[in-house]
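Everything below concerns the one structure shown next.
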Amino acid sequence: MNNDRYNGKESFDAWKKEWALEDRYNFRTIESKWQKIWDDNQLYKVDIDKNKEKFYVLVEFPYPSGAGLHVGHPRSYTALDVVARKKRMQGFNVLYPMGFDAFGLPAENYAIKTGVHPAISTKQNIDNFVRQLKSLGFSFDWNRCFSTCDPEYYKWTQWMFIQLFKKGLAYKDKIAINWCPSCKVGLANEEVVNGCCERCGAQVVRKNKEQWMIAITKYADRLISDLDGLDFIDRVKTQQINWIGRSDGAELDFALYADDGTDLNKKMKVFTTRPDTAFGVTYMVMAPEHAFVQDLMSVFKNKDEIKDYAAKTAQKSDLQRTMDDSKSGVELKGIKAKNPFNGQMIPVFISDYVLTGYGTGAIMAVPAHDQRDYDFAKLFNLPIIQVLDGGDISEKAWEEDDLHINSDFLNGLNKEDAMKKAIDFAQSNGFGAAKVNYKLRDWVFSRQRYWGEPIPMVYCEHCGWQPIDESELPLTLPEVPDYHPNDEGESPLSKAGAWLETKCPKCGGKARRETDTMPNWAGSSWYFLRYCDPHNSKEFASKDALDYWMNVDWYNGGMEHTTLHLLYSRFWHKFLYDCGYVPTKEPYNKRTSHGMILAANGEKMSKSRGNVINPDDIVNSYGADTFRLYEMFIGPFDQVAMWSEESLMGVYRFVNKVYSLFKKVDAQIQPEEKDLHAMHKCIKEVTERIDQMKFNTAVSSLMTYVNYLSDKEKIAVELYETLIKLMCPFTPHLCEEMWARLGKDSFAVAENWPVFNPDLVEDNVVSIAVQLNGKMRGVIEMPKDASKDEVEKAAFSLENVKRQTEGKEIRKVIVVPNKIVNIVA
RNA sequence: GCAGGCGUGGUGAAAUUGGUAGACACGCCAGACUUAGGAUCUGGUGGCGUGAGCUGUGAGAGUUCGAGUCUCUCCGCCUGCACCA
């Protein structure tokens, strides 16, 4: 063991003399000393060890912003550091890695403003983050750290994109994107705030652009059904299920005819979840953007009105379209649709309440049983036919279920049977079939940005889009003269000159590189796999490493990532699984989520409000251990919490108390039975509460135990040693120091986690509450497991009980062993 | 509107899942001590009442020997999605 441990003194004894004199807890010297020693001894470095059970603990890696660490980051990192440290002490081989999600807009905006290359500012920010994270004493294995913007990393992100393309899951499509006419740039949904550009405030419009898309919808069903076996907190599961939005129904064809009866040879396809209500259809609606509106224009008698309405709708932003729930629309005069169930000819409308992106962009309207259709029907004086019994449709639509009426062969059937029969009827007559629809859309994967992974594709006049040869990976970002998009809103890479020109990998002819880059979510979709084998240059990770480390056993992160990162990475993982590159079909066994930390007044912390707490200041004033412990004590882990410097002080006092308690430790004495009871109770509670992520009450248990110990004149060594081990995951520096002062030459952080003895957890005297008619009247002390008779006798001997039951008839006495007596009089 | 969650002292919150409501802290009050410190230590602290006691977990009802916990109705707050056919 090296002499550093004793502050340069030759022996433990010499060192002991020195600290025996100091009275105050000097966290500054203690914390930096132990951080260095742990680092020198590579204490948190892990390797595959097949003799040990592994445990993979993961927190979402941060975006290294220029503002540095926020007090919210350590909440998640400390919590899982506690979990990781405890698991390590329990004998698991623990992987707890950290890295950086380093591509992104802020660095690019900073580059536009200052001309500093994003790679340079990002590197500086990462260095600052690493310094801050190290100052908090997290047990990350820093040997495994990487950034998504490292070419050795994004080489594999690009490689995976090529695999997606080869399997037909990556494709180019012309879709409407958010476009800022002032910045001349495509915006991600997150960059649109209230329908306006986040940066310049201009109204965002829709613009059609060719974009790379990823067919995540092909995995929609599996993304729902595979949630079943996973230990995710419920709100994460339900949010993902709602976001994917599966609905079961049918697709039906309604043939279109001109007013004079000529068949227009167009089938209007609609999606409905209620094909059984088809006899209540009184009109049809298409989205104004529907292709038929253009195709049939020559047939319409009110062309101008139709064109007008379509143009007005196109101008409306999504927000305006959803905010305004009053109905509007235009009838397509000159055509009718034929209801295939009853042969009736019904009018067709366009209206903006039908969306082009969902289902088929056209609906059959059943105004009696859908409020939106009802409102529309009232506006245009359309007939309303009730086909479900039981409701009153004079004021509003009847949206409950009941038996069918006015429905020919469906009359008298319930929903389930009618659905089946209606779909059978459609199928056997060739105008429809059962169909599943999802709200989930395919993933827009193109960004017109510089600071992202170049998409490794080239366009050849003859061969179309081709992936570059895998031997050319990574395709590194070229230098560009400036980071603005060009006037057409193309990515800054379109200015990369010679870089753009290349050869077609298929025919060898002239080809041009894709200039769009990938979104942030690309690099974060598989980073947990890279941690398993971060320095591998031949594969993204070896099979051996993946077999050993996967799955992630516990993944904690923000709720805001539930429908983006969490869903994307599950999809990405399933794709790799289908290709045989990863051993499991789901990446994360357990997912939890932490609450936000707000400023003292309940507002969000932000630069503009000037209420940001800098973790550096807290570490300097109170030390990392106090900071860590406070964040665990602040409140229930999954709920929002408000920062309070006063509560932080309370925790600081507690940490000092543990430090000074050491003076009472006496090697000469043995623990008494009630001491052991307190100790084992503490072991039980802390152990269980960490597993249940009730970190706040785990800390309370430690405080209760410390209060117990500080009432004693002298403390047996075993009692204090156990305290130090139990606190070690929370306040590792202090505990390592006290461990050394106990004369140990092992590391506290490498000690075995204490195990409680169930026999010693319960005291052998219990206090039993005595109730009279359910009201508390007193407490009796009884030996544990005393008989009912004894307890009853003791209860009746209470003065209180005697007085208040005098002259009354005792009807019943309920005795719950070791808990309560209730006398009913 | 839909989905999920929440409502307990002056404050942050506990409550072994139906069994002594307010653990553990913060704050406050009273006292002790002093190397006057971001001190420390002792006691008290839900409300009303001098007291025995009464009362108390958003409101109201119900089930139960017993409800913060279970059931129903209502009120308020938070988060996500939102004309999804």
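Each chain gets a letter, A, B and so on, in the order the sequences are listed, and its residues count up from 1.
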remark   = In 5'-to-3' order, the base (B), backbone-only (S) or no-contact (-) status of each nucleotide in nucleotides 15-28 of chain B, using a 4.0 angstrom heavy-atom cut-off, is S---BBS-BBSSS-

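Remark: the separation of the P atoms in B/C75 and B/A59 is 15 Å, to the nearest Å.
Partner A/Ser701 forms a side chain to side chain donor-acceptor pair (under 3.5 Å) with one of A/Glu688, A/Arg689, A/Lys694 and no other, that one being A/Arg689.
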Using the 3.5 Å cut-off, write out each protein N or O paired with an N or O of nucleotides 67-73 of chain B and the distance between them.
none

Grab the N/O contacts between the protein and nucleotides 7-9 of chain B below 3.5 Å, and write none if there aren't any.
none

Counting only pairs under 3.5 Å, give me each side-chain donor-acceptor contact of residues 630-642 of chain A, with atom names and distances, residues two or more places apart or in other chains.
from	atom 1	to	atom 2	distance (Å)
A/Tyr630	OH	A/Ser644	N	2.9
A/Tyr630	OH	A/Ser644	O	3.3
A/Glu631	OE1	A/Arg75	N	2.8

Name every donor-acceptor pair, under 3.5 Å, that has one atom in a side chain of residues 599-606 of chain A and the other anywhere in the protein, sequence neighbours excluded.
from	atom 1	to	atom 2	distance (Å)
A/Asn601	OD1	A/Glu603	N	3.0
A/Asn601	ND2	A/Glu603	OE1	3.3
A/Ser606	OG	A/Ser608	OG	3.3
A/Ser606	OG	A/Arg609	N	3.3

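The two residues A/Asp370 and A/Glu399 make their nearest non-hydrogen contact at CA-OE2, 3.4 Å.
By the side chain to side chain contact (heavy atoms under 4.5 Å, CB included) test, A/Asp375 is found to be paired with A/Lys327, A/Gln371, residues two or more places apart in sequence or in another chain being considered. Taking A/Arg441 as the reference, A/Tyr358 meet the side chain to side chain contact (heavy atoms under 4.5 Å, CB included) condition, with sequence neighbours excluded. Evaluation of the side chain to side chain contact (heavy atoms under 4.5 Å, CB included) rule for A/Val813 yields A/Glu792, A/Phe796, A/Ile810, A/Val815, A/Val821, A/Ile823 as partners, not counting sequence neighbours. The ring pair (Phe, Tyr, Trp, His ring centres under 6.0 Å) test applied to A/Trp243 returns no partner, not counting sequence neighbours. Not counting sequence neighbours, the partners of A/Gln771 by the side chain to side chain contact (heavy atoms under 4.5 Å, CB included) test are A/Ile820, A/Asn822. Legend: residues meeting ring pair (Phe, Tyr, Trp, His ring centres under 6.0 Å) with A/His561, ordered by chain and number and at least two apart, are absent.
Counting any heavy atom pair closer than 4.0 Å across all strands shown, A/Thr562 reaches no nucleic acid atom. Contact annotation for A/Lys812: backbone-only contact, meaning every heavy-atom pair under 4.0 Å involves sugar-phosphate atoms and none involves a base.
A salt bridge does not link A/Lys415 with A/Asp276: every distance from a Lys NZ or Arg NE/NH1/NH2 to an Asp or Glu carboxylate oxygen is 4.0 Å or more.
For a distance-only test at 3.5 Å, the side chain of A/Lys327 qualifies as a donor-acceptor partner of the base of B/C83.
Checking side-chain atoms of A/Thr273 against main-chain N and O of A/Asp248 turns up no donor-acceptor pair under 3.5 Å.
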ask   = In dot-bracket form, how is RNA chain B paired, counting a Watson-Crick or G-U wobble pair only if both its distances are under 3.5 Å and using | for bases paired to another strand?
value = (((((((..(((......[....)))((((((.......))))))(((....)))..(((((..]....))))))))))))....

